[in-house]
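Scroll down for the structure; my scribbles are underneath it.
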2 protein chains.
Amino acid sequence: MAKSITSLNAPNPNVSVDCVVFGFDNEKLKVLLIEQRNTGQFEAQLALPGDLVLERENLDEAATRVLKQLTHLEGIYLKQFKTFGDPNRVNNVKDKEWLRTFREDPAARVITVAYYSLVKLEDYLPEAASFAGKVIWQPVDEIPALAFDHNIIVNEALKRLREEFEFKNIGYELLPKKFTLSMLQTLHEIVLGVKLDKRNFRKKLKNSTTIIALEEKQTGVDHKPAQLFVYQSKTLL
Amino acid sequence: MAKSITSLNAPNPNVSVDCVVFGFDNEKLKVLLIEQRNTGQFEAQLALPGDLVLERENLDEAATRVLKQLTHLEGIYLKQFKTFGDPNRVNNVKDKEWLRTFREDPAARVITVAYYSLVKLEDYLPEAASFAGKVIWQPVDEIPALAFDHNIIVNEALKRLREEFEFKNIGYELLPKKFTLSMLQTLHEIVLGVKLDKRNFRKKLKNSTTIIALEEKQTGVDHKPAQLFVYQSKTLL
DNA sequence: CAATCTTAGTGTAAATAGTACACTTAGTGA
DNA sequence: TCACTAAGTGTACTATTTACACTAAGATTG
């Protein structure tokens, strides 16, 4: 049963945070998953990066900490989107021993506050070496059965991501600092699941002050190189 | 400190739900508040209806139960919108004794999952008699200092309500079953804080299949009576 | 070095949606 | 019957969205 909280820094046994980290490699939208430590008896299961909330941190701080600890990612777009609290959401974990590595009672109920974040996959890949075998970028259309209710959480995050994409300009977070208009268009097409017209897409961007053209052009492609752009946050203007 | 959970139905000491219930009386947008039981030493404080989540219920069930127990409201639009987890959010309660009426440790940390809901104030008023002195409908522009971080929660709910109003047709939930187009327009004007053009507002509604005109007209007004409409949910079509 | 391949980049016409704006009508009450 | 109040209605103008096809720049190959 739940243990007494004797120290202010003891983990709160009832609340966790989970992060759905989206990345884009110009072809597919991917989600960062971690492999749970396999204690031997059961096949390994994948899960979202997450951890219990500590007694003295708020939810945003917990999510930021988890992301840093498990993936070394810092300073990225991170947004709380929904809290999941079904009493049975723990049941889907095959290896209860694994749960015991961070919770006293593996059957205890845990409510999780879910966040989603967006990273530039390109920027992240060089660093990924240090997590070899632990961190996996999985295309969103090929997600296997995950631990807990994490499949549900990923689906909800996707739904929310699409909503945000339709109304706000958060796409830039998934692209490298310097990007082409085709990359931006492909990203929108993949996230929203639609085909867009090149000229209309560009026309709409002309009325936006959030992207600025560089003098620079794309290199290393075997066709006409495209102009590069950077994102200029509105809050800086 | 937190007590052990010895029964499956024991309250979970770490998670609560709070409901921001919006109502509209054709003049002002209001929020339902309850008066905390005054234990004498401190002035009474108002708070949102809320309670700890029980061990065997999920979050939506908890919110539904709380709303029913504290306000007798059932079967209404109820939507989770944000979870609040600042470690200090309990500090703003003046009367710690009052906290003890439902929590063992009044200083313990509680994370709350906030919901908002919309009710037809008209329908609700007759029932309100049974809660005299406990339930208060407060205009959103005259909210006093509330317990916990409930002022922050109300503000976030308002923000979210406005967002939903701009994109979805949820306004009908705040109106009586039979409403006039002027009532619907006034509601939009008050929630969004803007003045709308009568003809343009009606023109847009013509392209919507969600409201249908009745044969019936308004009664009891000292001017030309308006036609009445009802909302026809899209999911029923 | 000419031909070919690939993606970049560009404009216009038609349809749709949004905005601004003022008078007549139906009922109540004095 | 006159005055008051809110209901109800149309048109011209502007802005936004949609559909659609060719030329340009660089890389590769024979």
Side-chain angles (χ1 to χ4, degrees), chain A residues 24-28 122 162 165-169 171-172 175-190 192-231, chain B residues 24-28 122 162 165-169 171-172 175-176 178-231:
Chain A
F24 180 64
D25 65 359
N26 274 323
E27 283 191 33
K28 291 209 158 192
E122 194 194 65
R162 292 194 174 110
F165 248 74
E166 290 192 68
F167 303 120
K168 298 173 189 164
N169 281 331
Y172 310 107
L175 295 173
K177 280 182 203 76
K178 297 173 184 177
F179 54 87
T180 68
L181 298 185
S182 293
M183 287 162 72
L184 186 57
Q185 183 178 341
T186 304
L187 172 60
H188 274 79
E189 289 176 336
I190 285 177
L192 299 177
V194 293
K195 198 93 191 76
L196 301 172
D197 179 89
K198 203 204 298 190
R199 279 179 286 194
N200 294 339
F201 184 77
R202 283 159 192 243
K203 197 190 298 177
K204 215 181 290 180
L205 288 177
K206 290 240 170 68
N207 302 333
S208 145
T209 53
T210 54
I211 68 168
I212 50 181
L214 301 173
E215 297 297 296
E216 224 171 318
K217 293 207 165 175
Q218 207 179 19
T219 54
V221 286
D222 66 345
H223 55 74
K224 177 175 177 179
Q227 183 160 35
L228 290 171
F229 291 79
V230 290
Y231 174 56
Chain B
F24 179 66
D25 64 0
N26 273 321
E27 284 191 32
K28 293 210 156 190
E122 194 194 67
R162 291 192 176 112
F165 249 74
E166 289 193 68
F167 303 120
K168 297 172 188 166
N169 279 333
Y172 310 107
L175 295 173
K178 296 174 183 177
F179 55 87
T180 68
L181 298 184
S182 293
M183 285 164 71
L184 186 57
Q185 183 177 341
T186 305
L187 172 60
H188 275 79
E189 289 176 338
I190 285 177
V191 170
L192 299 176
V194 294
K195 198 92 189 78
L196 301 171
D197 180 89
K198 203 203 301 190
R199 279 179 287 193
N200 294 339
F201 184 78
R202 283 159 192 243
K203 196 192 297 179
K204 213 183 291 181
L205 288 176
K206 290 239 170 69
N207 304 332
S208 144
T209 53
T210 54
I211 68 167
I212 49 182
L214 302 173
E215 297 297 294
E216 224 171 319
K217 293 205 163 174
Q218 207 179 18
T219 55
V221 287
D222 65 346
H223 54 75
K224 176 175 176 178
Q227 184 160 34
L228 291 170
F229 291 79
V230 289
Y231 174 56

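Residue numbers begin at 1 in each chain, while the letters A, B, ... track the order of the sequences.
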> If the sugar-phosphate is the primed atoms plus P, OP1 and OP2 and the base is the rest, what is the B/S/- string for nucleotides 6-13 of chain C, using protein heavy atoms under 4.0 Å?
Replying inline: BBBBBBB-

> Can you name the side-chain hydrogen bond (donor to acceptor under 3.5 Å, both in side chains) partners of A/Lys198, sequence neighbours left out?
Replying inline: none

Donor-acceptor list for residues 214-223 of chain B side chains, cut-off 3.5 Å, not counting sequence neighbours:
from: B/Glu216; atom 1: OE1; to: B/Lys178; atom 2: NZ; distance (Å): 2.9
from: B/Glu216; atom 1: OE2; to: B/Lys178; atom 2: NZ; distance (Å): 3.1
from: B/Gln218; atom 1: OE1; to: B/Ala226; atom 2: N; distance (Å): 3.0

>> Run the ring-ring contact (aromatic ring centres under 6.0 Å, His included) test against B/Phe24 and tell me which residues pass, sequence neighbours left out.
In response: none

> Who passes ring-ring contact (aromatic ring centres under 6.0 Å, His included) against B/Tyr172, sequence neighbours left out?
Replying inline: B/Phe179, B/Tyr231

>> In this structure, how many angstroms lie between the C1' atom of C/dC21 and the CG atom of B/Leu196, rounded?
In response: 15 Å

Table please: side-chain donor-acceptor pairs of residues 183-192 of chain B below 3.5 Å, with sequence neighbours left out.
from: B/Gln185; atom 1: NE2; to: B/Glu189; atom 2: OE2; distance (Å): 3.2
from: B/Gln185; atom 1: NE2; to: B/Leu196; atom 2: O; distance (Å): 3.0
from: B/Thr186; atom 1: OG1; to: B/Ser182; atom 2: O; distance (Å): 2.8
from: B/His188; atom 1: ND1; to: B/Leu184; atom 2: O; distance (Å): 3.1
from: B/Glu189; atom 1: OE2; to: B/Lys195; atom 2: NZ; distance (Å): 3.3
from: B/Glu189; atom 1: OE2; to: B/Leu196; atom 2: N; distance (Å): 2.9

